[in-house]
Amino acid sequence: MTDIDDQKHVAHTLGCFDIVAEALSAAARQTLEDLMATRIREYQSDLVRKFVSQGRVEGRELGLEEGLEQGLEQGRGEGRTEGRIEGRIEGRAEGRAEGEARSLLTVLDARGIEVPADARDRITSCTDIVQLERWIRLATTATSVEDLFA
């Protein structure tokens, strides 16, 4: 039997059920509907079992796809939030390190200490705030840039 034949068979079965249900009295129809809604029973027809099984598989696949998409979207949102927070933290740390490096170079300049290019690169590329603060303290009494790195 092809999928089209199966679909026609299901439509025919539902049509038959509809005809039978309409032929029953209101009380009998209600009893039948209550039984169908509350009773769990093994289906007798191979065709019905096939469609129920196929429906479960399709339902699981659809549920998995929807759940995956929702999970990915939630994860993307959380990732964006975490990324923004990490970016701000890193940006502040980098900004602070750059400020400390500028302060160090300003102290050395104010004291008339020449800073060669290699020492300037070492100072401006340093991201360790503790190290930069240590160099600033040393710069207040240093006589040359080499005193910082000794």
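Since the structure is predicted, the reported quantities are computational estimates derived from the model, not experimental observations.
- Gln131 CD to Ile123 CD1: the interatomic distance, rounded to the nearest 0.5 Å, is 10.0 Å.
- Between Leu148 and Leu104 there is a side-chain heavy-atom pair separated by less than 4.5 Å.
- In the hydrophobic cluster analysis, where Ile, Leu, Val, Met, Phe, Trp and Tyr join through side-chain heavy atoms closer than 4.5 angstrom, Ile113 is grouped together with Leu138.
- Looking at residues two or more places apart in sequence or on another chain, you find a salt bridge (charged side-chain N to carboxylate O under 4.0 Å, His left out) between Arg80 and Glu73.
- The closest side-chain donor-acceptor pair between Glu78 and Gln74 falls under 3.5 angstrom.
- Atom CZ of Arg111 is separated from atom OG1 of Thr140 by 6.5 Å, given to the nearest 0.5 angstrom.
- The shortest non-hydrogen separation linking Leu108 to Val115 is CD1-CG2, 3.8 Å.
- Remark: Thr127 OG1 to Glu94 CD distance equals 8.5 Å, nearest 0.5 Å.
- Residues Phe149 and Leu132 share a hydrophobic cluster, clusters being chains of Ile/Leu/Val/Met/Phe/Trp/Tyr side chains in contact below 4.5 Å.
- One finds a salt bridge joining Arg76 and Glu69 here, because a Lys/Arg side-chain nitrogen approaches an Asp/Glu carboxylate oxygen to under 4.0 Å.
- The heavy-atom pair separating Ala97 from Cys126 by the smallest distance is CB-O, 3.9 Å.
- Applying the salt bridge (charged side-chain N to carboxylate O under 4.0 Å, His left out) criterion to Glu133, with sequence neighbours excluded, gives Arg96.
- Using a 4.5 Å heavy-atom cutoff, the side chains of Glu114 and Val145 are not in contact.
- Members clustered with Val130: none, using a 4.5 Å side-chain heavy-atom cutoff among hydrophobic residues.
- No donor-acceptor distance shorter than 3.5 angstrom exists from the side chain of Asp109 to the backbone of Leu105, with no hydrogens or angles considered.
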